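Data block below; observations after.
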Number of protein chains: 2
Amino acid sequence: MTHSSDEPLTVPMCSVFRRFLKGQGLKFTPERARILDSVLSKLGVFEADELLTEMRQEGRRVSKATIYRTLKHLLEAKIITEVLIDPKQTHYQLSVGHEPKGYLVCVETQKIIEVDAPELEAIRDRICREHGFEPASYRLVIYGVSPEAAAQGHDQEA
Amino acid sequence: MTHSSDEPLTVPMCSVFRRFLKGQGLKFTPERARILDSVLSKLGVFEADELLTEMRQEGRRVSKATIYRTLKHLLEAKIITEVLIDPKQTHYQLSVGHEPKGYLVCVETQKIIEVDAPELEAIRDRICREHGFEPASYRLVIYGVSPEAAAQGHDQEA
DNA sequence: CTTGCTGCAAAAGTTTTGCACACGT
DNA sequence: ACGTGTGCAAAACTTTTGCAGCAAG
């Protein structure tokens, strides 16, 4: 195994981003490095504000504006992907390593579980072929009630 | 054929909503009737603001606030479903009749194509079973480049 | 050095809410 | 009549942007 854990990705990803920025005539600043670093530490989906808070707690100072601006570049560099599961806020996730295709969203607790569903690829390909689409990314989102929420009796019946 | 075209749904849906409201001690107002009517006329996904604009053009006066408030009730009544495909705005769609499970979103033109994918049900069930989830709704969203956009040469390669 | 970048605060956009009055049941 | 609804405008909240000074290439 050449690079199976989580650490080794950081360095190459940094190069990827740097190369992307250079290609666009943009600069690789410490702020961008720090943001990329925080993003790479994320295992699942995350929000812009979450990054801001965590970075502040760790003393890695950045402004809200810079976070949003950098997230945009990371999207363009295809290092992260948008995950739209919440109408109030955009979620992101790393595109590399694992790109889980399925999300179980508990409508009671808002908790998000990421799951794998290899069969989706075939469906995606079939649909895209039928419509002449060139697929970029995809996801299956399932909303429902988690066992925890059901157990806690989030009552809905009067 | 008892109710195969699109018209007949309106009346029962009206009853469904009315019954739902009554069950919650809520009222069936003309505004809510008008909004439901506009919603039922939608074949695909729609946005809150779209409803507002269209209803105003047709002289069916409603306030933004009432639209949003009513959409919430329609969601609770399970008459409509949220479709989260755009980070800037929530989309909705009718839950009844056809609930397309798949969406092809063109990242160039923003156009949304709704597609069917019956195989998804089995996947949903499997995932939910594995996690003890009680599914409510689900969807597959595929982002990519539509043939039209590709043809128009939305160039990305320098 | 030149050009882009940061932080701040204000702006923009969608969705929510407080209030006074009006209406469905 | 009571309790809910409506419209309006302001508030709330996420995301974007203008600007003055600063830093990367």
Side-chain angles (χ1 to χ4, degrees), chain A residues 14-15 17-39 45-56 59-77 80 82-92 110 158, chain B residues 14-15 17-39 45-56 59-77 80-92 110:
Chain A
C14 196
S15 310
F17 193 35
R18 196 188 297 232
R19 222 176 330 139
F20 167 82
L21 290 172
K22 180 165 292 178
Q24 307 274 311
L26 304 177
K27 291 166 182 171
F28 186 72
T29 64
E31 287 83 1
R32 289 181 180 167
R34 271 180 252 149
I35 293 170
L36 173 60
D37 203 50
S38 290
V39 165
V45 298
F46 59 90
E47 308 156 28
D49 199 61
E50 192 182 328
L51 283 185
L52 182 62
T53 306
E54 291 186 14
M55 292 185 68
R56 291 233 162 125
R60 330 194 109 203
R61 190 163 188 72
V62 267
S63 71
K64 209 166 39 175
T66 298
I67 297 246
Y68 279 107
R69 287 189 275 234
T70 301
L71 284 176
K72 226 150 237 165
H73 291 310
L74 288 170
L75 279 173
E76 285 171 29
I80 61 174
E82 280 178 340
V83 182
L84 309 171
I85 42 190
D86 180 344
K88 308 309 292 286
Q89 216 162 340
T90 305
H91 287 75
Y92 303 88
Q110 318 299 338
Chain B
C14 196
S15 310
F17 193 34
R18 196 187 298 233
R19 221 174 333 137
F20 168 81
L21 290 172
K22 181 166 291 178
Q24 307 274 311
L26 305 177
K27 291 165 184 174
F28 186 72
T29 63
E31 287 84 359
R32 289 180 179 168
R34 272 180 253 148
I35 293 170
L36 173 59
D37 203 49
S38 289
V39 166
V45 297
F46 59 90
E47 308 156 27
D49 199 62
E50 192 181 328
L51 283 184
L52 181 64
T53 307
E54 290 187 13
M55 293 185 68
R56 291 233 162 125
R60 331 194 108 200
R61 190 164 187 71
V62 268
S63 71
K64 207 167 39 175
T66 298
I67 298 245
Y68 279 107
R69 287 189 276 235
T70 301
L71 284 175
K72 227 151 235 166
H73 291 311
L74 289 170
L75 279 173
E76 284 170 29
I80 61 174
T81 312
E82 281 178 338
V83 182
L84 308 172
I85 41 192
D86 179 347
K88 309 308 293 285
Q89 215 161 341
T90 304
H91 286 76
Y92 303 89
Q110 317 301 337

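Since the structure is predicted, the reported quantities are computational estimates derived from the model, not experimental observations. Worth knowing before you read on, the calculation uses all heavy atoms, side chains too, and leaves out hydrogens, waters and symmetry mates. Letters A, B, ... mirror the listed sequences (proteins, then strands); counts begin at 1.
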Please confirm whether the backbone N or O of B:R56 pairs with a side-chain atom of B:R61, one donor and one acceptor, at under 3.5 Å?
no
Separation between CZ (A:F46) and CD1 (A:I80), nearest 0.5 Å, reads 5.0 Å
Send over the distance from B:D49 CG to C:dG13 P, rounded to a whole Å.
11 Å
Nearest-0.5 Å distance, CZ of residue B:R34 to OG1 of residue B:T29
8.0 Å
List the atom of B:L36, the atom of B:C14, and the distance in Å for their closest heavy-atom pair.
CD2-CA, 3.7 Å
When rounded to whole Å, the CG to P distance for the pair A:L71 and D:dT14 reads 14 Å
Between B:R60 (CZ) and D:dT6 (C1'), how many Å, whole number?
17 Å
Nearest non-hydrogen partners of A:K27 and A:L21, listed with the distance
O-CD1, 3.6 Å
d(CZ, B:R56; P, D:dC8) in whole Å:
7 Å
Would you compute the distance between atom CZ of B:F20 and atom CG of B:L74 and round it to the nearest 0.5 angstrom?
8.5 Å
From CD (A:E47) to CG (A:L71), nearest 0.5 Å
11.5 Å
Please report the distance, rounded to the nearest Å, between CD in A:Q24 and P in C:dC5.
11 Å
Audit row: B:E82, B:Y92, side-chain contact (heavy atoms from CB on, under 4.5 Å) steps and yes/no
CA-CA 5 Å; B:E82 281 178 338; B:Y92 303 89; 4.0 Å; yes
Rounded to the nearest 0.5 angstrom, the CG-CG distance for A:D37 and A:L51 is 11.0 Å
Strand-adjacent residues in residues 61-70 of chain B, judged by heavy atoms under 4.0 Å from DNA chain D:
B:R61, B:V62, B:S63, B:A65, B:T66, B:R69
With a 4.0 Å cutoff (strictly under), does any side-chain N or O of A:T90 reach OP1 or OP2 of D:dT14?
no
Could you work out how much the helix from C:dC1-D:dG25 to C:dT25-D:dA1 bends, comparing the axis of its first five pairs with that of its last five, to 10°?
40°
Reported CD1-to-NE2 distance for the pair A:I35 and A:H73, which is rounded to 0.5 angstrom:
10.0 Å
Could you check how far CG of A:L52 sits from P of D:dT15, rounded to whole Å?
11 Å
In whole Å, I'd like the distance from the CD atom of A:Q89 to the C1' atom of D:dC13.
9 Å
Is it true that a side-chain atom of B:R32 and a backbone atom of B:T70 form a donor plus acceptor pair closer than 3.5 Å?
no
Atom-pair distance (CD on A:E47; P on D:dT15), nearest Å:
8 Å
With the sugar-phosphate defined as primed atoms, P, OP1 and OP2, and the base as all remaining atoms, what B/S/- string results for nucleotides 20-25 of chain D, 5' to 3', for protein heavy atoms under 4.0 Å?
---BBS
